Every structure is written in C-alpha cells, then in structure tokens.
Asks: 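Just dropping this structure here.
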Amino acid sequence: MPELPEVESVRRGLEAQVVGKTIQEVQVYWDNIIESPKPVSQFKRRLLGQTIHQVKRRGKLLLFYLDQDVLISHLRMEGKYGLLDQDAPLTKHSHVIFNFRDGTQLRYEDVRKFGRMSLVEKGKEAQHKSLAQLGPEPTFEDLTLEWMLTFLAHKTRAIKSILLDQKLLVGVGNIYADEILFQARIQPDRPGGSLTNEEVEALRQAAIKILQEATLRGGSTVRSYKNSLGQAGTYQDFHQVYGKEGDPCPRCHQPIKKIKLNGRGTHFCPHCQQ
DNA sequence: AACCTGACCTGTAAGC
DNA sequence: TGCTTACAGGTCAGGT
C-alpha cells in the first residue's frame, strides 16, 4: 500500500515511539513475512536484548537500527505498525510482535501478508538485495537530470512502468506515478526512451515536488493506510487523477480516463497528457 | 539484457 | 440474498 510519503510518515511516528526501547521477546504468527535469517527461531533469538537506536527509511523500506543488526521492513500493500500495551488483545492480522522491556509492544499487522522483514548485520544493510539495486531518493541533489537521461535512453517500456520499478528513483508507487505523469503532462504509455530532455526534466520536477508535498500532508489514505500513530494522510484531497475516472480534468475539463497498463490501474487525461 | 506475467494473500465492492 | 469476479498504495521469480 504505502509509497514514499506514507512510509516516511510511518517512520516519523515510529521514531517517536520506539527509539530507546529494548526487545525482550518476539512472536511470529506468519513465517513467510520473515525472509531472513531462517528459520524464524533464529530471527527471534537474534533480536533478544537489542535496543532500537534509530528508525531510518530508504525508498519504501523502513530500517530499524539496533545494537548489532538492522531490521529491514517492507510494508508492501497493507503492512502497518502500531505501539500497544502487551495486554491489548491481538487481532487476526497481527503477524509479528516485538515485546519491549517496558511492557509495551510493537505490532506488525498486515491483512494480505505481503510485507517482508529481514535482519542483517549492521554495516551490511546496503548490500542487502532489497537495498542494493535502489535508485536515488527524490531530491534535487540526488535525482539529477543527467542520471535520468542516461537511465531512460533506449528504454522501450512504458514510462509509467519504469516509474514503478525502483531503479530510476525510489518511492514512487501506483498513486504517485499517475499524479507525477499528470503534473508533467506525459502520457503513461510513452516509451521511456522517447521522452525529450524537457519532458524528463518536467518528470524530475514533478516527482520531487509531488512526493515532498504528499509527505508534508502525511501521505494519501485511499482505503486503509494509517501511520504508526493511527493517523490517516490527507494528500488524497489533492489528487488530480488517481481515483478520478470520469471526473473533469482539473486543467482542461475533459473526462479523466482509466486504463490498465502492465497490469496496473492507470489514470490520466488523454487530452493534456501527450 | 529487457520486458511481461503470475504468484503471493485477504477483503471489499460490483455484477448477475 | 447469495455467488462469482474484479480489483487493491508492491515486488519478485520465472518465462519469453
């Protein structure tokens, strides 16, 4: 579910909630969520006694920095964290529980069970396969026009699909891909390599601006997203095309169209995105 | 290498 | 009211 703005909002909540807490016990109710180490008993044992010192983010990944290890966590479509007292009743979607020495617990809940966690030795997290291939963060310093032009050269696949893989830049998912392409006035099915330099620069500006603005608003809540404090985002109130099929385009008033592109619902204005 | 299609899961809403 | 189908903020293994 969450894209960069939502994950960053979760990160900020978690930073305020769990930094300084020491893990006393771990429970796992759905083994497939734990990627490594295997078996899950190892994952649990290694966490015992470690204190959370920092919560960072890279793309859509959350990174919990502990004494010896880094817990890498991806929420995928429906993952959520929450801090509760240890006597609060579990729900049917509570899959991983971190009990702390102070009597509270961090809970990972995930209706679809798509989320994944890995525990890696501190210092080796950048080499982990979930991190090693990631593109730059969407900032003016990291995401340069030169990089984007090089990356996109000769690419034949649709620009929307390129935005969704995390190599050109990190953090974009299905909502923000549509919003960014609308802002940049680029049709989602244009081959990546066919964009002009001006269009690539427009894409760069749109990506940085929209992801920053959405982060400022705590992300978008379309169905179920909440941060670790239980708060919804408000950026959905500013969506121009996502979820707006049939509505008039905010620029030209022609109806917004929804198509399926590479298996993903895709919203755009056929009139002003060429 | 580059690209596309299922598979992973469950819940909700729409269609009949 | 039921039953069936499509769809959902993501990624990856496997195939062409």
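Per chain, numbering begins at 1; letters A, B, ... match sequence-line order. Computed from a predicted model, the values in this text were never measured in an experiment.
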Asks: Scan the side chains in residues 261-274 of chain A for donor-acceptor partners under 3.5 Å anywhere in the protein, sequence neighbours excluded, and list what turns up.
Replies:
| unit_1 | atom_1 | unit_2 | atom_2 | d |
| --- | --- | --- | --- | --- |
| A/T266 | OG1 | A/K160 | NZ | 2.9 |
| A/T266 | OG1 | A/R264 | O | 3.0 |
| A/H267 | ND1 | A/D178 | OD2 | 2.8 |
| A/H267 | NE2 | A/G243 | N | 3.3 |
| A/Q273 | OE1 | A/C269 | N | 2.7 |
| A/Q273 | NE2 | A/L181 | O | 3.2 |
| A/Q273 | NE2 | A/I186 | O | 2.9 |
| A/Q274 | NE2 | A/P270 | O | 3.0 |
| A/Q274 | NE2 | A/H271 | O | 2.8 |

Asks: Collect all protein-nucleotide pairs involving nucleotides 12-15 of chain C in which both atoms are nitrogen or oxygen and the distance is under 3.5 Å.
Replies:
none

Asks: So does A/K113 get a side-chain nitrogen or oxygen closer than 4.0 Å to the phosphate oxygens (OP1/OP2) of B/dC8?
Replies: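 Negative; the distance criterion is not met.
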
Asks: Got a sec, which residues hit side chain to side chain contact (heavy atoms under 4.5 Å, CB included) with A/R57, two or more places apart in sequence or on another chain?
Replies: A/L4, A/V7, A/E8, A/R11, A/E137

Asks: Taking 4.0 angstrom as the limit, do A/R12 and A/E15 come out as a salt bridge?
Replies: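 A salt bridge is absent here (no side-chain N lies under 4.0 Å from a carboxylate O).
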
Asks: Which is true for A/N32 with a 4.0 Å heavy-atom rule: it touches a base, it touches only sugar-phosphate, or it touches nothing?
Replies: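 The residue A/N32 makes sugar-phosphate contact but no base contact.
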
Asks: Give the residues of residues 146-161 of chain A touching DNA chain B, defined as any heavy atom closer than 4.0 Å, sorted by residue number.
Replies: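 Output list: A/K155, A/T156, A/R157.
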
Asks: Looking at residues at least two apart in the chain, or sitting in another chain, which of them share a salt bridge (charged side-chain N to carboxylate O under 4.0 Å, His left out) with A/R251?
Replies: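 Result, salt bridge (charged side-chain N to carboxylate O under 4.0 Å, His left out) vs A/R251: none returned.
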
Asks: Can you tell me how far P in C/dA13 sits from the matching atom in B/dC9, rounded to whole Å?
Replies: 15 Å

Asks: Using a cutoff of under 3.5 Å, can you pull out all pairs of nitrogen or oxygen atoms linking the protein to nucleotides 11-15 of chain B, with atom names and distances?
Replies:
| unit_1 | atom_1 | unit_2 | atom_2 | d |
| --- | --- | --- | --- | --- |
| B/dG11 | OP1 | A/K92 | NZ | 2.9 |
| B/dG11 | OP1 | A/H93 | NE2 | 3.4 |

Asks: Is the base of B/dC9 stacked against the aromatic ring of A/F114, taking ring centres under 5.5 Å apart and planes under 30° as the test?
Replies: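 Here A/F114 fails the 5.5 Å or the 30° condition.
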
Asks: Any chance the rings of A/F64 and A/Y81 have centres within less than 6.0 Å?
Replies: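 Judged by ring-centre distance (under 6.0 Å), A/F64 and A/Y81 do meet the cut-off.
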
Asks: Can you tell me the distance, in whole Å, between the CG atom of A/L62 and the P atom of C/dT11?
Replies: 12 Å

Asks: Between A/E78 and A/K80, does any side-chain N to carboxylate O distance fall below 4.0 Å?
Replies: yes

Asks: Given atom CD of A/E109 and atom P of B/dT10, what is their separation to the nearest angstrom?
Replies: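 For the pair A/E109 CD and B/dT10 P, the rounded distance is 15 Å.
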
Asks: Would you tell me whether A/E3 and A/Y225 have side-chain atoms, one donor and one acceptor, within less than 3.5 Å of each other?
Replies: no

Asks: Distance check needed: B/dT10 P versus A/K80 NZ, whole Å only.
Replies: 15 Å

Asks: Where each residue is assigned the nucleotide of DNA chain C containing its nearest heavy atom, which of A/Q166 and A/R112 is assigned the position nearer the 5′ end?
Replies: A/R112

Asks: Please work out if A/N262 contacts a base, only the sugar-phosphate, or nothing of the nucleic acid, heavy-atom cut-off 4.0 Å.
Replies: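 Sugar-phosphate, backbone atoms only, no base.
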
Asks: Going by the rule ring-ring contact (aromatic ring centres under 6.0 Å, His included), which residues pair with A/F100 if we only count those two or more places apart in sequence or in a different chain?
Replies: none

Asks: In whole angstrom, what separates A/D110's CG from C/dT11's P?
Replies: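 A/D110 atom CG is separated from C/dT11 atom P by 13 Å.
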
Asks: A/Y65 and side-chain hydrogen bond (donor to acceptor under 3.5 Å, both in side chains): which single residue from A/H53, A/E125, A/Q54 fits?
Replies: A/E125

Asks: How about NZ on A/K257, more than 12 heavy atoms from neighbouring residues, nucleotides or ligands closer than 6.0 Å, or not?
Replies: no

Asks: Membership question, hydrophobic clusters at under 4.5 Å side-chain separation (ILVMFWY): are A/I72 and A/Y108 in the same one?
Replies: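 A/Y108 and A/I72: separate clusters.
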
Asks: Distance between the P atoms of B/dG6 and C/dC7, in whole angstroms?
Replies: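 Here B/dG6 and C/dC7 have their P atoms 14 Å from each other.
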
Asks: Just the rounded figure in Å: distance from P of B/dC4 to CG of A/L261.
Replies: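 A/L261 atom CG is separated from B/dC4 atom P by 9 Å.
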
Asks: Would you say A/H74 places a side-chain N or O within less than 4.0 Å of OP1 or OP2 belonging to C/dT11?
Replies: yes

Asks: Phosphate oxygens OP1/OP2 of B/dC8: is one of them under 4.0 Å from a side-chain N or O of A/R116?
Replies: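 A/R116 to B/dC8 OP1/OP2: no side-chain N or O under 4.0 Å.
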
Asks: Classify the ring geometry of A/Y176 against A/H239: parallel below 30°, tilted from 30° to 60°, perpendicular beyond 60°.
Replies: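 Perpendicular: the ring planes of A/Y176 and A/H239 meet at over 60°.
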
Asks: Should A/K60 be listed as having a side-chain N or O under 4.0 Å from OP1 or OP2 of C/dT11?
Replies: yes

Asks: To the nearest angstrom, how far is A/L4 atom CG from C/dT11 atom C1'?
Replies: 16 Å

Asks: Can you check whether A/K167 has a side-chain N or O nearer than 4.0 Å to OP1 or OP2 of B/dC3?
Replies: no

Asks: ring-ring contact (aromatic ring centres under 6.0 Å, His included): which pairs involve residues 130-171 of chain A, sequence neighbours left out?
Replies: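 Qualifying pairs, neighbours excluded: A/W147-A/F151.
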
Asks: Check the distance between C/dT11's P and A/R58's CZ and give it to me in whole angstrom.
Replies: 13 Å

Asks: Hydrogens and angles aside, do A/E179 and A/Q183 bring a side-chain donor and acceptor to less than 3.5 Å of each other?
Replies: no

Asks: What residues form a salt bridge (charged side-chain N to carboxylate O under 4.0 Å, His left out) with A/K124, not counting sequence neighbours?
Replies: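 With sequence neighbours excluded, A/K124 shows a salt bridge (charged side-chain N to carboxylate O under 4.0 Å, His left out) to A/E121, given in chain and number order.
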
Asks: Distances for protein N/O vs nucleotides 4-6 of chain C N/O pairs under 3.5 angstrom?
Replies:
none

Asks: Quick one: pull up OG in A/S36 and CZ in A/F43 and give me the separation to the nearest 0.5 Å.
Replies: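 Interatomic distance, A/S36 OG to A/F43 CZ, rounded to 0.5 Å: 8.5 Å.
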
Asks: Rounded to whole Å, how long is the line connecting atom CG of A/D165 with atom P of C/dT11?
Replies: 9 Å

Asks: What would the secondary structure line of DNA chain C be in dot-bracket form, counting Watson-Crick and G-U wobble pairs under 3.5 Å, with [ ] for pairs that cross earlier ones and | for pairs with another strand?
Replies: .|||||||.|||||||

Asks: Please list, one pair per line, the donor and acceptor atoms closer than 3.5 Å that link side chains of residues 127-135 of chain A to other protein atoms, with sequence neighbours excluded.
Replies:
| unit_1 | atom_1 | unit_2 | atom_2 | d |
| --- | --- | --- | --- | --- |
| A/H128 | ND1 | A/S130 | N | 3.2 |
| A/H128 | ND1 | A/S130 | OG | 2.8 |

